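Below is one structure; the comments refer to it alone.
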Amino acid sequence: MEYNFREIESKWVSFWQANNSYRVSEDSAKEKYYVLDMFPYPSGSGLHVGHPLGYIASDVLARYKKLQGYNVLHPMGYDSFGLPAEQYAIQTGQHPAITTEENIKRYRSQLDQLGFSYDWEREVRTSSPEYYKWTQWIFKQLFDCYYNEKSNKAERISVLIEEFEANGNTNLKASNDCEIEFTSAEWKSFDSKKKEAILHNYRLAYLADSWVNWCPNLGTVLANDEVINGKSERGGHPVVQKKMRQWSMRIKAYAERLLEGLNEIDWTDSLKEQQRNWIGKSVGSSVLFDIEGYENPLEVFTTRPDTIFGVSFMVLAPEHPYVKDITTEKNKEAVSKYQKASVKKSERDRQSDVKTITGENTGAFAIHPLSGDKIQIWIADYVLATYGTGAVMAVPCGDQRDYDFARHFDIPIKNIFQDVDISEAAHTDKTGILKDSFFLNGCSVAEGIKKSIETLESKGFGKGKTNYRLRDAVFSRQRYWGEPFPIYYKDELPCVVEDQYLPIELPKIDSYLPTPDGEPPLARAEKSSWNYFSGDRMEFNTMPGWAGSSWYFLRYMDPKNKNEFVSKSKSEYWKQVDLYIGGAEHATGHLLYARFWTKFLFDQGYITFDEPFQKLINQGMILGKSSFVYRIADSNTFVTKGKVNGKEIQSIHVDISLVENNKLNIEAFKEWRKEYANATFILEDNGDYICGDEVEKMSKSKFNVQTPDDLIQKYGADTLRLYEMFLGPIEQSKPWDTKGISGVHNFLRKCWRLYCSPEGVSILREGQDVPKAALKTLHKTIKKVTDDLDRYSLNTCVSTFMIAVNEFTEQKCNNLEVLDKFLILLAPYAPHFCEELWMKIGNKEGSLFESNFPIFNQEYLTEDSFDYPISFNGKMRFKANLSLSLDRAEVQREVERMEMTKRWLDGKTPKKVIVVPGKIVNIVF
RNA sequence: GCGGAUGUGGUGAAAUUGGUAGACACGCUAGACUUAGGAUCUAGUGCCGUGAGGUGUGUGGGUUCGACUCCCUCCAUCCGCACCA
């Protein structure tokens with residue numbers, strides 16, 4: 001074999017390892033470039049072909065930037081805390097650390113096979129104590145900070161305490177859930193327990209009794225982004241609402257900055273839009289309604305305060321705290337029945353039941369703050385307790401949901417829009433002129449909103465307000481395999497562990513299940529099993545999966561630092577990630593949380609940038625291509641695709657390893673399953689059995705999973721790298737189909753022949769006169785590849801390489817100078833292949849990657865003539881080679897003189913002739 | 001329902017600021033060579049038509065000398081959100 005990829009690839013992998021070729025360090029003489037992959041969870045099944053897509057892309061770009069002279073940081077690590085290892089531990093009793101270690105080894109060997117240029121000395125693992133020490137440390141900083149809305153950043157709790165001591169909390173503007181107001185004197189009179197409880201309402205990491213998504217099957221709570229359509233993201237188990245004391249992160253405080261920050265970063269619109277949606281900002285007003293015979297006013301949030309005179313009833317969430325107090329005796333029974341029913345409903349049920357209108361009248365009345373009218377108060381579960389104030393003012397003429405509710409329960413509908421018919425539906429557009437609205441009469445929507453807020457504020461019945469859908473993130477999990485909290489309890493009061501005792505390591509326990517009384521697994525640990533123990537007990541919860549992944553990109557900069565999570569000088573050198581590649585499924589989880597932590601660390605001055613990922617590319621999902629055989633119903637006879645017509649058949653998934661280019665390997669198929677051993681076949685006329693195919697998600701049950709290992713075995717890593725890039729644009733989802741991989745492999749072989757004789761000896765010559773054609777091909781290729789890489793168009797580069805090799809082959813090019821440069825162009829894609837040829841053609845020492853990326857020179861591409869497409873009425877008819885020195889008029893004259901032109905004009909006179917020099921001629925007649 | 005993305009040959013796709021639609025591959029057809037290999041080489045391959053030619057980038061319209069590209073309408077597929085007040 002001429003091109004022995006197996007030998008070559010293992011040779012260069014060991015060379016790179018032996019020479020530490022990819023070790024990087026800070027170098028102020030060079031400009032930095034930080035390329036990052038989303039690190040994987042090391043699962044037991046290893047890498048599938050979808051993973052490397054992003055890794056190959058980032059590796060190509062990392063190598064390209066390195067050749068261009070950048071100091072490239074390109075690290076890799078493992079998000080190694082996670083459920084599967086723990087589930088496995090529960091089943092087998094084996095410590096999850098052991099399983100994790102094994103899985104990581106497998107991942108590492110798969111990654112090594114692909115020839116990535118990672119600096120493995122910088123590897124991080126979220127589950128290693130050296131790493132999670134700093135996750136715990138960051139948690140401590142969050143615990144010790146609150147969000148000051150005046151300075152618009154996180155500040156220390158000590159600053160807050162000073163403020164409390166000086167002024168109480170009356171003038172404070174800070175994100176909190178504190179329900180009481182107190183003066184400086186009152187603060188001082190509180191005992192330490194009460195003080196701590198109050199401070200807790202301000203901390204960015206805090207304990208609170210909150211409604212959480214509880215997944216009984218997983219035995220843990222889940223964050224909102226881990227719940228999809230009422231089921232757990234992992235495993236698809238049902239999720240119910242439960243009130244529990246949990247650690248939370250006050251991410252809501254950052255809602256506005258997380259929203260604004262999106263304008264500064266280069267992410268796709270769809271991703272930014274998803275985050276905007278998730279944050280869910282709405283601007284409006286809060287309005288206070290007095291309740292007849294009740295001391296507290298009812299606060300609602302509305303985005304349409306201009307429609308305040310259209311209010312015809314109020315609706316509270318069934319869980320609203322006022323309900324029990326204000327419901328009249330007569331309505332008590334019905335209301336409490338309704339409440340009970342809605343608590344039982346899971347969020348999923350509430351969602352799927354959008355069409356059914358339900359609700360119950362409390363019998364109480366609110367007083368309209370501006371008109372003084374009496375307004376019925378209802379409860380209904382379309383109002384969510386967790387959004388806004390859990391209460392709405394219903395304006396049926398302007399809101400379809402309120403309209404339907406009013407119709408259903410026969411509540412009067414007041415029309416406050418001029419010349420608008422609301423007999424069939426509400427007027428939901430933000431248009432129209434108000435009427436029957438006192439001082440708002442004649443106002444447009446925008447004027448009405450402004451004026452109504454002014455009036456409400458001046459009368460003390462409300463004020464302008466912005467609401468966010470984003471909720472604080474639950475931060476504890478009732479699990480073993482996660483970061484322990486640096487927290488112990490004294491009299492059930494949480495206390496932080498001093499820095500010197502970090503990390504708090506996971507203690508040994510006898511079983512990874514919850515305790516019989518429902519405590520998390522850590523409650524099983526003996527006091528002596530903890531490497532640090534204080535107070536009455538340690539925290540039994542562990543941190544969620546997103547804790548470690550929210551800051552790992554920073555640790556890569558300084559992975560071995562024992563004194564800081566990252567040194568200031570190193571984070572100042574490497575700064576943000578310049579290019580981040582990974583899947584879109586992290587839109588509202590990891591990518592939001594990482595932004596949040598980055599902003600926090602920025603606020604506290606630990607880093608100098610507040611967005612983690614400047615440019616982000618979402619690689620598309622790789623779908624599987626399944627193959628089918630067609631069995632004639634109730635028989636053991638299989639009919640080829642071309643002869644199915646009309647027969648009654650069953651499609652059966654067949655393992656894709658038995659199929660090549662839709663052609664079934666019949667012998668292998670017979671051996672695949674016992675029941676097929678005696679199968680008979682109806683074949684195509686040429687004797688083949690052709691399978692059907694369909695694009696589906698990759699899954700074991702569909703026999704369409706493709707691991708990179710087989711392909712590397714068969715074609716080599718360089719072929720796989722080129723092929724994955726060749727498939728299409730990186731961000732597009734596409735079916736995985738090995739059909740076509742041979743084309744890419746053949747390209748490498750053809751390229752090899754350009755450099756070497758069949759014996760593997762270089763056939764290149766140094767030439768004094770470099771052929772013009774070869775130079776032209778080379779520089780055309782340099783230009784195209786550089787441009788394409790700069791716009792992340794990785795697929796088109798591969799075509800460009802193919803064209804170049806085709807042209808060089810045709811030119812019989814054997815010029816060392818030209819082909820030497822071409823190797824550098826190709827090297828980011830096929831590093832082993834290029835290193836080998838680079839050495840063979842005479843570069844004896846070192847690695848190709850120490851050289852420089854070729855620079856494009858226009859000189860070699862300049863032509864003196866051009867093959868003009870000559871079109872008539874916009875249709876290209878023929879081509880004419882004309883000198884580029886001709887001006888418009890001269891070109892026109894030349895073209896008009898031509899025989900072909902006369903023929904196409906067919907005696908008619910051109911009305912107009914458009915000449916774009918160097919581009920096109922268009923004759924209009 | 002709202003928001004985002006995508007629609008180009010038998011297949012993956014290309015066409016970067018409007019300027020030769022289908023590059024480059026796969027597959028297929030015919031042929032050459034070879035020890036009948038998944039090797040290599042040659043020719044062909046959007047569709048209709050023997051041909052000249054016609055036609056063609058999801059649909060219908062518009063702007064333009066010229067539209068895959070810009071504008072409007074509709075359709076389909078995928079993704080996200082969804083009683084959010």
Side-chain angles (χ1 to χ4, degrees), chain A residues 1-2 228-229 268-278 280-282 284 300-304 315 350-351 353-355 357 380-384 386-395 398-402 404-405 428 467-469 584-585 587-588 618 620-621 623 625 660-662 693 714-715 723 726-729 731-747 749-750 753 784 787-788 790-791 793 795-796 798-803 806 867-879 910-916 918-925:
Chain A
M1 198 194 289
E2 304 148 30
I228 295 175
N229 291 333
T268 61
D269 288 342
S270 102
L271 197 61
K272 287 186 184 183
E273 214 39 51
Q274 276 184 58
Q275 290 213 343
R276 286 191 190 107
N277 250 323
W278 193 258
K281 179 179 183 175
S282 40
V300 300
F301 173 74
T302 176
T303 55
R304 295 291 301 276
V315 191
R350 284 203 193 184
Q351 272 171 29
D353 218 10
V354 173
K355 298 253 153 56
I357 297 165
D381 61 12
Y382 80 75
V383 177
L384 306 177
T386 45
Y387 184 76
T389 60
V392 300
M393 57 177 227
V395 183
D399 183 294
Q400 192 56 44
R401 201 188 35 211
D402 295 345
D404 295 340
F405 193 88
T428 53
N467 233 320
Y468 299 92
R469 195 184 76 103
E585 65 273 22
T588 51
N618 284 129
M621 213 198 310
L623 303 163
K625 198 189 90 164
E660 176 136 356
N661 291 340
N662 289 348
D693 59 86
K714 209 158 160 187
Y715 298 103
Y723 184 57
F726 186 58
L727 273 179
E731 57 286 77
Q732 207 167 293
S733 281
K734 54 220 146 197
W736 176 257
D737 188 353
T738 50
K739 185 168 96 179
I741 194 164
S742 61
V744 171
H745 188 63
N746 288 344
F747 154 73
R749 297 166 56 103
K750 189 169 182 181
R753 290 199 298 273
K784 174 84 175 144
D787 288 354
D788 285 358
D790 286 342
R791 64 190 175 101
S793 172
N795 54 326
T796 50
V798 183
S799 311
T800 308
F801 296 137
M802 290 175 171
I803 293 168
N806 289 346
D867 240 3
Y868 277 94
I870 314 296
S871 43
F872 293 79
N873 291 334
K875 278 262 163 213
M876 204 279 285
R877 296 305 182 182
F878 65 92
K879 286 186 190 170
K911 278 187 204 144
K912 198 171 178 184
V913 177
I914 286 111
V915 176
V916 184
K919 278 260 163 80
I920 199 167
V921 177
N922 190 15
I923 300 171
V924 187
F925 63 92

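What you are looking at is a predicted structure, and each value in this text was computed from that prediction instead of being measured. Letters go in sequence order (proteins before strands), and every chain restarts at 1. All heavy atoms count here, side chains included; hydrogens, waters and symmetry mates do not.
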Taking a pair as Watson-Crick (N1 to N3 plus N6-O4 or O6-N4) or G-U wobble (N1-O2 and O6-N3), both under 3.5 Å, which stems of 3 or more consecutive pairs involve RNA chain B? B:1-7 with B:75-81, B:10-12 with B:24-26, B:27-32 with B:40-45, B:46-48 with B:53-55, B:60-62 with B:70-72

Check if the side chain of Tyr715(A) and the base of G38(B) share a donor-acceptor pair of N or O atoms closer than 3.5 Å. yes

Residues which pass ring pair (Phe, Tyr, Trp, His ring centres under 6.0 Å) with Phe726(A), listed by chain and number, not counting sequence neighbours: none

Ignoring backbone atoms, establish whether Arg469(A) has a side-chain N or O less than 4.0 Å from OP1 or OP2 of C81(B). no

Could you go over nucleotides 15-17 of chain B and give all protein N or O partners under 3.5 Å, atom names and distances?
from, atom 1, to, atom 2, distance (Å)
A15(B), OP1, Arg791(A), NH2, 3.3
U16(B), O4, Lys784(A), NZ, 3.0

Heavy atoms only, 4.0 Å cut-off, all strands: where does Asp399(A) land among base, sugar-phosphate and nothing? nothing

Residue list, side-chain contact (heavy atoms from CB on, under 4.5 Å) with Asp787(A), at least two apart or on another chain: Lys783(A)

Scan Val924(A) against the nucleic acid and name what it touches under 4.0 Å (heavy atoms): base, sugar-phosphate only, or nothing. sugar-phosphate

First of Pro729(A) and Asn806(A) reached from the 5' end of RNA chain B, by closest nucleotide: Pro729(A)

Go through the N and O atoms of the side chain of Asn922(A) and the base of C65(B), and report whether any donor-acceptor pair is under 3.5 Å. yes

Distance test, side-chain N/O of Ser733(A) to OP1/OP2 of C79(B), below 4.0 Å: no

Tabulate protein N/O versus nucleotide N/O from nucleotides 7-12 of chain B, keeping only pairs under 3.5 Å, one per line.
from, atom 1, to, atom 2, distance (Å)
G12(B), O2', Leu727(A), O, 2.5

How does protein reach along nucleotides 52-57 of chain B, written 5' to 3' as B (base within reach of a heavy atom under 4.0 Å), S (only sugar-phosphate), or - (no contact)? SSS-B-

Categorize Lys879(A) for me: base, sugar-phosphate, or nothing, with a 4.0 angstrom heavy-atom threshold over every strand shown. base

Go through the side-chain N and O atoms of Ser793(A) and Thr796(A) and say whether any donor and acceptor fall under 3.5 Å apart. yes

